Amino acid sequence: MSEETDGIKLVMAVIRPDKLADVKRALAEAGAPSLTVTNVSGRGSQPAKKGQWRGEEYTVDLHQKVKIECVVADTPAEDVVDAIVEAAHTGEKGDGKVFVIPVESAVQVRTGKEGKPAV
């Protein structure tokens with residue numbers, strides 16, 4: 001890894017949709033206001049739910065979640081993770097997960113800047 005990309009991390013979190021506003025606020029306060037948000041569905045330790053529609057029973061085992069991606073260079077990834085965990089925590093199954101991944105390279109499309117300046 002070059003010095004240009006040393007320290008650049010992708011913090012990716014999958015959380016409950018109703019905690020998004022709290023997480024956005026916490027990230028801004030932690031100095032990481034830039035993020036990408038995607039609506040996703042998945043399953044983990046959260047139990048499946050059974051329901052009934054028009055007399056037919058069905059199982060919902062994929063739960064609606066929000067995936068947040070935040071690339072950081074100047075803000076420590078640990079601070080970003082702490083902000084997400086604190087803001088997204090409810091104590092119930094299905095609160096989510098946070099992953100930290102090293103970024104090999106970064107290029108800003110508009111300017112062509114590379115490495116940390118691109119972030």
Side-chain angles (χ1 to χ4, degrees):
M1 190 181 297
S2 73
E3 285 186 37
E4 279 295 311
T5 57
D6 278 349
I8 300 178
K9 305 283 185 191
L10 168 63
V11 179
M12 181 173 54
V14 179
I15 63 166
R16 298 172 183 269
D18 59 311
K19 299 303 285 182
L20 179 59
D22 294 338
V23 170
K24 284 176 21 183
R25 191 174 314 108
L27 287 173
E29 290 172 4
S34 299
L35 65 141
T36 301
V37 178
T38 310
N39 290 314
V40 297
S41 58
R43 70 173 173 221
S45 61
Q46 193 173 5
K49 295 180 183 176
K50 297 212 182 278
Q52 213 167 16
W53 189 70
R54 293 190 176 180
E56 297 291 320
E57 189 172 287
Y58 65 94
T59 302
V60 177
D61 62 347
L62 295 177
H63 302 281
Q64 296 303 306
K65 300 291 180 182
V66 173
K67 180 168 75 169
I68 298 169
E69 295 169 304
C70 183
V71 178
V72 294
D74 297 326
T75 304
E78 297 79 21
D79 292 353
V80 174
V81 170
D82 291 345
I84 293 170
V85 169
E86 185 175 319
H89 180 264
T90 69
E92 301 293 322
K93 286 186 175 184
D95 273 356
K97 302 264 191 301
V98 182
F99 305 96
V100 179
I101 304 160
V103 173
E104 189 172 308
S105 67
V107 179
Q108 186 179 41
V109 173
R110 179 177 55 85
T111 63
K113 290 180 182 176
E114 296 184 22
K116 283 187 179 185
V119 176

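Numbers here simply count residues along the sequence, with the first being 1. Bear in mind that the values here come from a model prediction, so they are computed numbers and not experimental data.
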Checklist line | Side-chain donor or acceptor of Thr75 paired with backbone N/O of Gly31 under 3.5 Å | finding: yes
Check: Stepwise, does the side chain to side chain contact (heavy atoms under 4.5 Å, CB included) test hold for Gln108 with Arg110?
Finding: CA-CA 6 Å; Gln108 186 179 41; Arg110 179 177 55 85; 3.8 Å; yes
Notebook entry, point to check: Between Arg43 and Asp61, what is the shortest heavy-atom contact and its length?
Noted result: NH1-OD2, 2.7 Å
Notebook entry, point to check: Would you say Lys65's side chain and Gly94's backbone share a donor-acceptor pair under 3.5 angstrom?
Noted result: yes
Item checked: Hphob cluster co-occupancy, Val11 + Val14, side-chain heavy atoms under 4.5 angstrom -> no
Note to self: On a heavy-atom basis, which atom in Arg16 and which in Glu92 lie closest, and how many Å separate them?
What the structure shows: NH2-CB, 3.3 Å
Item checked: In one Ile/Leu/Val/Met/Phe/Trp/Tyr side-chain cluster, 4.5 Å: Ile15, Val100 -> yes
Note to self: Would you compute the distance between atom CD1 of Ile8 and atom CD of Glu104 and round it to the nearest 0.5 angstrom?
What the structure shows: 11.0 Å
Notebook entry, point to check: At their closest point, which heavy atom of Ser34 faces which heavy atom of Cys70, and how far apart are they?
Noted result: O-SG, 3.3 Å
Check: Could you give the distance from NZ (Lys19) to OG1 (Thr90), rounded to the nearest 0.5 Å?
Finding: 7.0 Å
Checklist line | Residue among Ile68, Val66, Val37 satisfying side chain to side chain contact (heavy atoms under 4.5 Å, CB included) with Val23 | finding: Ile68
Margin query: Hydrophobic clustering (ILVMFWY, side-chain heavy atoms < 4.5 Å, transitive) - are Val85 and Val80 grouped together?
Written below: yes
Check: Between Val119 and Val71, what is the shortest heavy-atom contact and its length?
Finding: CG1-O, 3.7 Å
Note to self: Is it the case that atom CD in Glu56 sees more than 12 heavy atoms from other parts of the structure closer than 6.0 Å?
What the structure shows: no
Check: Between Ala118 and Lys113, which heavy-atom pair has the shortest distance, and what is it?
Finding: CB-O, 3.3 Å
Next item on the list: Measure the shortest side-chain to side-chain distance between Arg25 and Asp22 over non-hydrogen atoms and say whether it is less than 4.5 angstrom.
Entry: yes
Next item on the list: Quick one: pull up CE in Met12 and CD1 in Ile101 and give me the separation to the nearest 0.5 Å.
Entry: 4.0 Å
Check: Do the side chains of Val98 and Leu10 join up, straight or via other hydrophobic residues, at under 4.5 Å, putting them in one cluster?
Finding: no
Item checked: Atom pair CG (Asp95) and CD1 (Ile84), whose distance is rounded to the nearest 0.5 Å -> 13.0 Å
